[in-house]
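To start, the structure itself, in C-alpha cells.
By convention in this document, chain letters (A, B, ...) are assigned in the order of the sequence lines, proteins followed by strands, and residues within each chain are numbered from 1. Because the structure is a prediction, the values reported are computed rather than measured.
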Number of protein chains: 2
Amino acid sequence: MPEALDRKGDRALYLQIADQLREQVVTGKLAPGSRLPSEHSLMAAYDASRDTVRKAIGVLKAEGRLDSERGRGVTVRTAPPVERLGSDRLARKHRKAGKGAYLADLEASGRTAEIAVTVSTEKASREVAARLGLKAGERVLVRSRRMLADGQPLQLAVSYLPLELVKGTQIEQHDTGPGGTYARLEEMGHRLDRFEERVTARMPSPDEAKSLDLGPGTPVILVARTAYAVGNRPVELCDTTMAADRYELLYEISAQ
Amino acid sequence: MPEALDRKGDRALYLQIADQLREQVVTGKLAPGSRLPSEHSLMAAYDASRDTVRKAIGVLKAEGRLDSERGRGVTVRTAPPVERLGSDRLARKHRKAGKGAYLADLEASGRTAEIAVTVSTEKASREVAARLGLKAGERVLVRSRRMLADGQPLQLAVSYLPLELVKGTQIEQHDTGPGGTYARLEEMGHRLDRFEERVTARMPSPDEAKSLDLGPGTPVILVARTAYAVGNRPVELCDTTMAADRYELLYEISAQ
DNA sequence: AAGTGGTCTAGACCACTAC
DNA sequence: TAGTGGTCTAGACCACTTT
C-alpha cells in the first residue's frame, strides 16, 4: 500500500510518511471517522522506527486532520457541525423576547443549550479602559459566559460594562432578562447605534483548549466587539473566543 | 532557575517543562526575540532526556510561541505587524483611482507592495457554481493573486467571475485598471449592491504554510466573499487566505 | 489478556550557524 | 571548529480500551 520512501533525499522520512497519509485523508481513501493502521503496522509497512511513524502522525494531528486515543487507535477527524453567526444577530428587531439570542437560536434548531455565567466587578485594565473610553482603574462589570450546545462547549465570552452605567440594574444579575444586556441598556436610555467587531485567530492556550474541548490543531477565532450608543459612546465590550472548526461568521457589507 | 518537576504525578514531564517555559514567555521573562537555553542546557537544568526537552519545545512551537532554527537555537517569536482590514475597504467611495486598494493602502503606510497575478478560465466546480448561481460546468474566469508587503507574503486570493459576464473586458487582463474589478463591473452596468463575507479559520496545509511563509502554530483566516449586483445577482467570488497573526478584520454593524 | 497509543531514555549521525 | 537543532533508531514501561 505505501509508496516507496526516499531514504537518501532531503525530505525527512516522517514528512514523506505524513505526505502519504495526508493524501489518503484528503482524497477520502481514509474516510472521516475511520481508523488508521496501528503504529506497529505502519512501522512494518514503511520499515521505519516507531518514533518516526509517531512523528508523521503528529504532523497530521497538528494540522487538525487526525485524532488519537490511548488504547483505541488513530482516527480521521470528522468535521463538527458549523454554526453560522450572522451579523444581523445584533439587530434590534432580532432581539428575542424570551431568552438570549444564543439560547433561542440553538433550541430553534432542536438542540439543547446551556450557558454558565459568572458576574463580578473589577478595575478596568489599561486595554479595557481604552476601549471603553474610561480612565484606567475605573470599575467595570464583568460578565463571563461559557456556552454549550448538546453538552459540547462552543464559545467563551467576556463582557465589560462601565460599572457606573449599570450599577443596581438587572445587568448585574445572572439573568439579564428578555432581550438581554442590550435591551436593558436601551431601556435605560442608551440607545444603541452600531457595533464594531474585530476578528482574528490564533492557536488556543491550554486553558482555552480544555474549556472549549478543542482537538489538537484547532485554532480559535477571536471576536472583540464594542457596542456604541448614539453619540458614539462605547457602552459595552464583548470578547468572544470560539472553536474555529465549529463557527463561521457572516457579515453583510453595503457597497455604498 | 527551573522549578522542581513532579516525576510521579499524572502530568507528563514534557508538559511540565512546557508549562514552565510558557510561563516565562507569557510573563516576558523570556522576551520576544530572545534565545532560550540550548537543548543541552535544558537537559541538564531539568535532568531530562533530550527527547523530553525537545517535546516540551515542540508544544510551544505548536502554540506559535517559539521558533527554532538549526544551528541558531530556539527563540521567542516576535509578533509581526498587524494589518487592519476595515469593511469600508469595499465601499465605492474608497475605490482608489490609481491602483488597487491593496497596493494603495500599503504604500500609503510606507511599505513596498507587490502582487503576483495569474489569470485563467476553467469550468466552475459544483461549489463555485452554487455560490455564483451558475449551472455546474459553466465557465468562469479565475484570478489568483499573491500579495506581499516588504517582501513578506500576506495573503492569497482567488476570484471567480462568470466568463459570460467578463469576456473581452479588462477584467481578463493582469491589470484590471483604476479601481479594479469592481470599478469595471460597475462601468459595465452591474452596479454593486452589497457584499457578503463568511469568515472562519483553520490550520494551513503545508502548501499554504509555505507560500505564506507561516511559522508553526500559525493558523490562517479564510474569508469567502460574494459580491452582489443590484437585483441580488452574485457577480464575483473572492476567497482569501491570510496569515492569522498578520491580520485583523474590522466590521461595522448597524444596531438597526 | 492482548493490543493500542503515551512517555521516557540513550545514543548516533547529520546540517546548519556562528566564531 | 564548536555548538546548535533535526532526524532516526532501539528498547523499556505505562495507561487505557477492546475482546
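- Of the candidates A/Arg225, A/Arg131, A/Arg143, A/Arg131 is the only one forming a salt bridge (charged side-chain N to carboxylate O under 4.0 Å, His left out) with A/Asp239.
- Per the geometry, CG belonging to B/Leu13 stands 15 Å off P belonging to D/dC14, to the nearest Å.
- Both A/Arg11 and A/Gly71 sit near DNA chain D, but only A/Arg11 has its closest nucleotide nearer the 5' end.
- Separating the CG atom of A/Leu15 from the P atom of D/dT7 is a distance of 6 Å, rounded to the nearest angstrom.
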B/Ser159 and B/Arg145: CA distance, side-chain angles, deciding distance, side-chain hydrogen bond (donor to acceptor under 3.5 Å, both in side chains) verdict: CA-CA 8 Å; B/Ser159 293; B/Arg145 279 112 56 214; 2.8 Å; yes

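- Checking D/dT18, D/dG6, C/dT17 against every side-chain atom of B/Arg72, the shortest atom distance belongs to C/dT17.
- Checked against C/dC8, D/dC8, C/dT9, the side chain of B/Tyr14 finds its nearest nucleotide in C/dC8.
- To the nearest angstrom, C1' of D/dT7 lies 14 Å from CG of A/Asp6.
- By the 4.5 Å heavy-atom criterion applied to side chains, A/Gln16 and A/Asp6 are counted as neighbours.
- Within residues 52-61 of chain B, the residues approaching DNA chain D are B/Arg54, B/Lys61, by heavy-atom distance under 4.0 Å.
- Within residues 37-45 of chain B, the residues approaching DNA chain D are B/Ser38, B/Glu39, by heavy-atom distance under 4.0 Å.
- Listed pair B/Ser68 / D/dG6 meets the phosphate criterion, a side-chain N or O lying under 4.0 Å from OP1 or OP2.
- Expressed to the nearest 0.5 Å, how far CZ of B/Arg84 lies from OG1 of A/Thr200 amounts to 10.0 Å.
- Rounded to whole angstrom, the span from the CG atom of A/Asp51 across to the C1' atom of D/dT7 amounts to 10 Å.
- The separation between A/Asp10 atom CG and D/dC8 atom P is 12 Å, rounded to whole Å.
- For B/His40, the NE2 atom is loosely surrounded, since the number of other residues' heavy atoms within 6.0 Å does not exceed 12.
- Below the 3.5 angstrom threshold, one finds no donor paired with an acceptor across the side chain of A/Arg70 and the base of C/dG3.
- Within 6.0 Å of CZ in A/Arg7 there are more than 12 heavy atoms belonging to other residues, nucleotides or ligands.
- For the pairing with A/Asp67, the salt bridge (charged side-chain N to carboxylate O under 4.0 Å, His left out) check across A/Arg72, A/Lys61, A/Arg77 returns one residue only, A/Arg77.
- When rounded to the nearest whole Å, the span between CZ of B/Arg50 and P of C/dA12 equals 13 Å.
- Distance, B/Leu36 CG to D/dG5 P: 9 Å, rounded to whole Å.
- Salt bridge absent: A/Arg89 and A/Glu83 never bring a charged side-chain N and a carboxylate O closer than 4.0 Å.
- The salt bridge (charged side-chain N to carboxylate O under 4.0 Å, His left out) test applied to A/Arg22 returns A/Asp19, A/Glu63, not counting sequence neighbours.
- Spacing between atom CZ of A/Arg7 and atom C1' of C/dC13 amounts to 16 Å, rounded to whole angstrom units.
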